[in-house]
Amino acid sequence: TSKENGFMTILGPAAATVSITGRVLTPESKGLRNAQVTLTDSDGTQRTVTTSSLGYYRFEAVAPGREYRIAASSKRFRFSSRVLQVFDTLSDVDFVAQE
């Protein structure tokens, strides 16, 4: 709280952020290492992460209350992108390669 000119202002918490996690999988449901996962917000700002040796990825500090397009890509497989309405932390946002 702060007090100025006899008025009290109650300051709210800093904007909280959430995370988005999941896996990128082969058609045989094995984790795909070194795949790229891209998160694009409604302003067109992109963030890209690379999957771990078991195909896991994680985006931290994602602003809630927005719409995002998320897409996975690799040299060997194709994936369908999707649109997410993000209001809270999301887990198991998985991508399975198309045959």
Side-chain angles (χ1 to χ4, degrees):
T1 62
S2 67
K3 203 169 191 181
E4 280 184 30
N5 302 326
F7 293 98
M8 182 179 287
T9 303
I10 299 174
L11 304 173
T17 60
V18 299
S19 63
I20 300 172
T21 61
R23 280 183 91 186
V24 178
L25 304 163
T26 67
E28 297 80 29
S29 296
K30 295 181 181 177
L32 184 62
R33 77 170 28 183
N34 295 326
Q36 302 292 306
V37 182
T38 302
L39 186 68
T40 307
D41 68 18
S42 56
D43 298 328
T45 302
Q46 291 186 338
R47 296 167 54 187
T48 301
V49 295
T50 302
T51 58
S52 70
S53 61
L54 297 176
Y56 290 97
Y57 73 89
R58 178 178 200 89
F59 288 99
E60 295 282 351
V62 176
R66 300 189 70 181
E67 182 176 281
Y68 295 88
R69 175 170 296 282
I70 189 167
S73 63
S74 81
K75 293 179 183 177
R76 296 179 47 206
F77 299 103
R78 290 181 305 120
F79 301 89
S80 294
S81 64
R82 66 185 76 166
V83 174
L84 303 174
Q85 295 287 338
V86 178
F87 297 102
D88 204 348
T89 291
L90 298 176
S91 58
D92 300 323
V93 181
D94 297 343
F95 292 89
V96 179
Q98 300 170 358
E99 301 254 10

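Counting begins at 1 with the first residue of the sequence. Worth knowing before you read on, the calculation uses all heavy atoms, side chains too, and leaves out hydrogens, waters and symmetry mates.
- Using cut-offs of 30° and 60° for the angle between ring planes, the Y57 and F95 rings count as tilted.
- A donor-acceptor pair under 3.5 Å is formed between the side chain of T51 and the backbone N or O of N34.
- D43 contributes no side-chain N or O that, together with a main-chain N or O of T45, makes up a donor-acceptor pair within less than 3.5 Å.
- Side-chain atoms of D94 never come within 3.5 Å of backbone atoms of G22 as a donor-acceptor pair (strictly under, hydrogens ignored).
- V93 and V18 fall within the same hydrophobic cluster, where Ile, Leu, Val, Met, Phe, Trp and Tyr residues are linked whenever their side-chain heavy atoms come under 4.5 Å apart, directly or through other members.
- Contact check for I70 versus F59: side-chain heavy atoms found under the 4.5 Å cut-off.
- When atom types are taken as modelled, the side chain of R47 and the backbone of E60 share a donor-acceptor pair closer than 3.5 angstrom.
- The CG atom of L25 lies 11.5 Å from the NZ atom of K30; values are rounded to the nearest 0.5 Å.
- A continuous path of ILVMFWY side-chain contacts below 4.5 Å connects L84 to V62, so both sit in one hydrophobic cluster.
- Counting heavy atoms from C-beta on, the side chains of Q46 and L39 never come closer than 4.5 Å.
- Side chain to side chain, Q36 and T50 meet the donor-acceptor criterion of an N or O pair below 3.5 Å.
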*For L32 and F79, run side-chain contact (heavy atoms from CB on, under 4.5 Å): C-alpha distance rounded to whole Å, both residues' side-chain angles, the deciding distance at 0.1 Å, then the answer.*
CA-CA 12 Å; L32 184 62; F79 301 89; 3.8 Å; yes
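- By the rule that hydrophobic residues join a cluster once side-chain heavy atoms approach within less than 4.5 Å of another member, V37 and F77 end up as members of one cluster.
- Under 3.5 Å, the side chains of T21 and S91 contain no donor-acceptor pair of N or O atoms.
- Partners of R33 under the side-chain contact (heavy atoms from CB on, under 4.5 Å) rule, at least two apart in sequence or in another chain, are S53.
- Taking both residues in full, the closest heavy atoms of A35 and V24 are given as CB-CG1, 3.9 Å, listed atom of the first, atom of the second, then distance.
- Taking all atoms of both residues into account, the shortest heavy-atom contact from V96 to P27 is CG1-CA, 4.4 Å.
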